Amino acid sequence: MAQDAKITIHPSYPIGEISNRLFSAFLEPIGTMVNGTMFNPKHPTADEQGFRTDFIEAIKHTHLPAVRMPGGNFVSSWQWKNSIGPKDQRKVCLDPAWHQYITNEVGHDEYLQWAGKVGTEPLYTVNMGTGTIQDAMDLVEYTNHTGGTYWSDLRKKNGHEDPYGVKMWYLGNEMDGPWQLGAWDKNPTGYGCKVLETSKAIKWIDETIETAVCGSSAPFMEGFPEWDQTALDKCYDVVDYVSVHHYHSAPPGDIKSLLGGSLYYEDFINTEVAMIDYVASKHRSPKQVNISFDEYGAMVRPLMELHPGYGRYNMARNHYRFDPERRYILHDPDNMPEREFPGGDMLHALSMASIQLALLRHADRVKIGCMTGGLSALCSSNHDHVWKSASHHVFMQLLKYAKGISMDTKVESETYDMPGYAIEDTSQYTGKEGVNFIDAASAWDKDNNRLTVFVINRNEDAEYPLTVDLKGFEGYKPVNALALHTDNLDDKNTFENEDVLLPKHIENYSFENGELKLYVKPLSWNVLVFENGDE
């Protein structure tokens with residue numbers, strides 16, 4: 001039996017308000033997410049615009065708060081004006097970022113109209129690579145102005161009388177990355193100045209909107225955090241968020257590093273917050289700029305060949321390569337390839353949940369979180385069907401219970417060490433010592449007299465006796481305890497059987513003198529809900 005673990009939460013120690021946008025998703029037209037899952041005019045459930053209504057209804061029922069769209073690397077060469085108006089008059093273009101043909105059957109209006117059908121808020125990414133300030137101004141005018149101008153009246157002519165009212169605008173995507181078309185990796189000052197002028201201009205068109213400047217695409221970037229600081233220093237007074245991305249990788253079989261990857265997210269966030277606040281002090285500004293973590297993920301990747309002697313890894317050298325054999329691809333929405341990922345649902349659900357808990361623990365400054373693959377997590381799909389994976393249930397529990405105030409959640413448990421490792425020249429991780437096997441975060445929803453504790457057991461072998469100390473929350477008692485667990489990590493939900501992995505009620509627990517005692521199974525996700533029956 002493993003040593004006892006303990007979680008302590010007290011109402012005197014809040015972290016910050018949880019934003020409604022914290023658990024959102026990201027959408028980009030690569031692979032099958034748009035062409036096949038979102039859009040397939042030949043699908044039996046397709047509506048008049050070619051959207052799959054089985055997918056629309058599945059996402060609609062989740063009440064997903066927001067989706068960042070339409071990309072991604074894709075947007076840095078995408079000309080939105082090619083994607084509006086009658087479909088038979090739209091331009092087919094190349095997307096050099098992903099070497100694909102863009103037919104623009106799903107264009108600017110369709111993205112926003114799909115978001116309306118789903119009932120989610122669109123968070124829009126502007127082309128700041130090949131795009132101009134005027135393009136951005138025209139885009140916001142077309143999208144949000146009431147009428148009486150060329151662009152707003154063109155929107156009406158194209159069939160959308162009312163403004164879309166998009167409130168959140170990302171000014172570029174990963175602009176510090178040499179893989180980006182029109183990248184600013186060599187000139188953060190120039191990028192910051194362009195953001196200054198663009199944000200100023202579009203806010204003068206619609207003064208209700210918010211904007212985000214790109215920060216680092218990963219903590220491995222050569223310029224991190226100096227690049228971020230230089231860019232933000234030029235535009236601090238006109239932006240509301242810094243946009244950051246990270247994809248954590250762990251070697252095959254290294255579950256501890258996979259589930260401990262959330263610590264690297266926290267390091268990234270802490271550094272970014274310190275950088276932002278330093279720039280704020282330079283500007284003598286009372287305004288607080290926050291973080292949008294609008295692309296993130298965790299994955300297993302095999303260790304690759306390293307190239308010692310290069311010094312600090314040169315990102316540009318790696319991306320200025322040209323393959324004469326490479327060909328552009330035209331994605332047929334009705335020819336959606338089957339994608340069978342190795343392994344089961346459980347580790348993927350836990351690895352993504354561990355990142356989401358890290359974001360929740362920093363809810364005072366991380367106000368937007370868009371999971372890459374979040375739409376797939378909420379609704380798995382193939383050519384014909386949609387279903388609920390294990391990740392669906394985890395995501396839904398966060399959407400339901402992670403409301404109100406993020407609380408400081410103290411964990412005492414057995415620990416382990418993560419030795420440093422390098423997946424390849426870019427993704428190099430320093431080691432971590434004393435990582436808690438028990439990972440936890442909590443949310444206090446005062447309006448509903450509810451406190452929810454989220455717990456992951458990172459240990460693949462040991463079940464832990466766990467005590468949750470809530471003595472400070474007088475009158476609160478457990479009303480629900482749920483666990484997602486499997487003894488077989490190859491288990492996965494399918495359309496034919498989506499009940500293989502389901503959260504189950506924990507029956508064997510006790511509660512006395514403000515302490516809940518229970519056992520948490522190895523590699524499990526646990527949700528413990530308490531309510532105050534005295535109010």
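Residue numbers run from 1 in the order of the sequence given. From a predicted model like this one, the values you see are computed outputs, not experimental measurements.
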> Drop me the distance from Thr211's OG1 to Asp240's CG, to the nearest 0.5 angstrom.
5.0 Å
> Which donor-acceptor pairs under 3.5 Å do side chains of residues 389-397 form with protein atoms, sequence neighbours excluded?
| residue | atom | partner | partner atom | Å |
| --- | --- | --- | --- | --- |
| Ser389 | OG | Ser391 | N | 3.3 |
| His392 | ND1 | Leu378 | O | 2.8 |
| Gln397 | OE1 | Trp525 | NE1 | 2.6 |

> May I ask you to check whether Tyr124 and Tyr111 place their ring centres under 6.0 Å from each other?
no
> Grab the two heavy atoms, one from Leu171 and one from Cys214, that are nearest each other, plus how far apart they are.
O-SG, 4.0 Å
> Let me confirm one number: the CE-CG distance from Met175 to Asn173, rounded to the nearest 0.5 Å.
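One gets 8.0 Å once the value is rounded to the nearest 0.5 Å.
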> Hydrogens and angles aside, do Tyr464 and Glu414 bring a side-chain donor and acceptor to less than 3.5 Å of each other?
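Distance-only check passes for Tyr464 and Glu414.
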> Do the side chains of Arg68 and Asp294 get close enough for a salt bridge, i.e. N-O under 4.0 angstrom?
yes
> Nearest 0.5 Å, what's the CZ-CE distance between Phe23 and Met371?
9.0 Å
> Apply salt bridge (Lys or Arg N to Asp or Glu O under 4.0 Å) to Lys367 and list each qualifying residue two or more places apart in sequence or on a separate chain.
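Partners of Lys367 by the salt bridge (Lys or Arg N to Asp or Glu O under 4.0 Å) criterion come out as none, since no residue qualifies.
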> Is the NZ atom of Lys167 crowded by more than 12 outside heavy atoms at less than 6.0 Å?
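For Lys167, atom NZ is crowded (more than 12 foreign heavy atoms under 6.0 Å).
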> Which atoms form the tightest heavy-atom contact between Ser216 and Phe268, and what is the distance?
O-CZ, 3.8 Å
> For the residue pair Tyr429 and His248, does the interplanar ring angle fall in the parallel (under 30°), tilted (30 to 60°) or perpendicular (over 60°) class?
perpendicular
> Would Phe39 and Trp114 count as a close aromatic pair, with their ring centres under 6.0 Å?
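No, ring centres 6.0 Å or more apart.
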> Would Asp254 and Arg301 pass as an ion pair if we require N to O under 4.0 Å?
no
> Please report the interatomic distance OH(Tyr247) to OG(Ser217), rounded to the nearest 0.5 Å.
9.5 Å
> Using the rule given for side-chain hydrogen bond (donor to acceptor under 3.5 Å, both in side chains), can you reason through Glu222 versus Trp227, listing the C-alpha separation, both sets of side-chain angles and the distance that settles it, and then say yes or no?
CA-CA 9 Å; Glu222 290 177 274; Trp227 191 95; over 6 Å; no
> Looking at every heavy atom in both Ile9 and Phe473, which two are closest together, and how far apart are they?
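Minimum heavy-atom contact is O-CE1, 3.6 Å.
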> Quick check against the 3.5 Å criterion: does Asp408 have a side-chain atom that pairs as donor or acceptor with the backbone of Ile15?
no
> Looking at Leu123, Val34, Thr372, which one forms a side chain to side chain contact (heavy atoms under 4.5 Å, CB included) with Leu27?
Val34
> Show the nearest heavy-atom pair for residues Thr120 and Leu64, with the distance to one decimal.
OG1-O, 2.9 Å
> Check the pair Phe293, Ile368 against side-chain contact (heavy atoms from CB on, under 4.5 Å), reporting the backbone distance first and the verdict last.
CA-CA 6 Å; Phe293 220 121; Ile368 302 175; over 6 Å; no
> Under 4.5 Å between any side-chain heavy atoms of Lys388 and Cys379, yes or no?
no
> So if I apply the side-chain hydrogen bond (donor to acceptor under 3.5 Å, both in side chains) rule between Arg458 and each of Ser524, Ser262, Ser413, which one comes out positive?
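With Arg458 as partner, side-chain hydrogen bond (donor to acceptor under 3.5 Å, both in side chains) holds for just one option, Ser262.
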> So Asp237 and Lys287, salt bridge (Lys or Arg N to Asp or Glu O under 4.0 Å) or not? Walk me through it.
CA-CA 8 Å; Asp237 298 313; Lys287 184 178 78 168; 5.7 Å; no
> Holding to salt bridge (Lys or Arg N to Asp or Glu O under 4.0 Å), I want the full list of residues that pass it with Glu498, two or more places apart in sequence or in another chain.
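Partners of Glu498 by the salt bridge (Lys or Arg N to Asp or Glu O under 4.0 Å) criterion come out as none, since no residue qualifies.
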> Would you please test Gln288 and Asn290 for side-chain hydrogen bond (donor to acceptor under 3.5 Å, both in side chains) and show each step?
CA-CA 6 Å; Gln288 179 173 285; Asn290 290 313; 3.0 Å; yes
> Between Ile506 and Leu482, is any pair of side-chain heavy atoms under 4.5 Å apart?
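The answer is no; the side chains never approach within 4.5 Å.
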> Apply side-chain contact (heavy atoms from CB on, under 4.5 Å) to the pair Tyr416 and Glu433, showing each step before the final yes or no.
CA-CA 7 Å; Tyr416 65 94; Glu433 295 181 351; over 6 Å; no
> For the residue pair Ile202 and Ala136, what are the closest heavy atoms and their distance?
CG2-O, 3.8 Å
> Would you please classify the geometry between the His108 ring and the Tyr164 ring as parallel, tilted or perpendicular, with 30° and 60° separating the classes?
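Tyr164 vs His108 ring planes: perpendicular.
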> The criterion is ring pair (Phe, Tyr, Trp, His ring centres under 6.0 Å); which residues satisfy it with Phe495, sequence neighbours excluded?
His385
> Relative to Tyr13, does Lys410 satisfy both conditions: NZ or CZ under 6.0 angstrom from the six-membered ring centre, and within 45 degrees of the ring's axis?
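Ring-cation test returns no.
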> Which pairs with one or both residues in residues 347-361 pass side chain to side chain donor-acceptor pair (under 3.5 Å), sequence neighbours excluded?
Glu266-Arg361, Arg361-Asp439
> Report yes if the distance between the aromatic ring centroids of His246 and Tyr296 is under 6.0 Å, otherwise no.
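No, the ring centres sit 6.0 Å or more apart.
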> Any cation-pi pair here, Lys477 with Phe530, using under 6.0 Å and within 45°?
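Ring-cation test returns no.
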> Looking at Ala402 and Phe454, what are the two nearest heavy atoms and their distance?
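Nearest heavy atoms, Ala402 then Phe454: N-CZ, 3.8 Å.
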> Looking at Lys471 and Glu515, is any side-chain nitrogen of the basic one under 4.0 Å from a carboxylate oxygen of the acidic one?
yes
> Does Tyr278 OH have over 12 foreign heavy atoms under 6.0 Å away?
no
> Quick one: does Asn448's side chain have a donor or acceptor within less than 3.5 Å of a partner on Arg450's backbone?
no
> Considering residues, nucleotides and ligands other than Lys203, do more than 12 of their heavy atoms fall under 6.0 Å from its NZ?
yes
> Is Asp233 salt-bridged to Lys282, cutoff N-O under 4.0 Å?
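Result for this pair is yes, salt bridge flagged.
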> Are Thr37 and Ser381 close enough, and set up right, to give a side-chain hydrogen bond (donor to acceptor under 3.5 Å, both in side chains), and what steps lead you there?
CA-CA 7 Å; Thr37 296; Ser381 63; 3.0 Å; yes
> Listed by chain and number, what are the salt bridge (Lys or Arg N to Asp or Glu O under 4.0 Å) partners of Asp277, not counting sequence neighbours?
Arg365
> Quick one: does Ser199's side chain have a donor or acceptor within less than 3.5 Å of a partner on Val195's backbone?
no
> Ignoring hydrogens and angles, tell me if any N or O in the side chain of Glu531 forms a donor-acceptor pair with the backbone of Tyr476 under 3.5 Å.
no
> Report the C-alpha distance between Ser292 and Ser243 in whole Å, list the side-chain angles of each, state the deciding distance to 0.1 Å, and finish with yes or no for side-chain hydrogen bond (donor to acceptor under 3.5 Å, both in side chains).
CA-CA 5 Å; Ser292 172; Ser243 162; 5.2 Å; no
> Output the distance between atom CD1 (Ile355) and atom CG (Leu263), rounded to the nearest 0.5 Å.
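Reported to 0.5 Å precision, the distance equals 11.5 Å.
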> Measure the spacing between CD1 of Ile269 and CG of Leu359 and express it to the nearest 0.5 Å.
5.5 Å
> Taking atom types as modelled, is there a side-chain donor on Asn480 or His505 under 3.5 Å from an acceptor on the other?
yes
> Thinking salt bridges, do Asp445 and Lys400 make one under a 4.0 Å N-O criterion?
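Looking at Asp445 and Lys400, the cut-off is not met.
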> Using a 3.5 Å distance criterion without hydrogens, assess whether the side chain of Ser406 forms a donor-acceptor pair with backbone atoms of Leu360.
yes
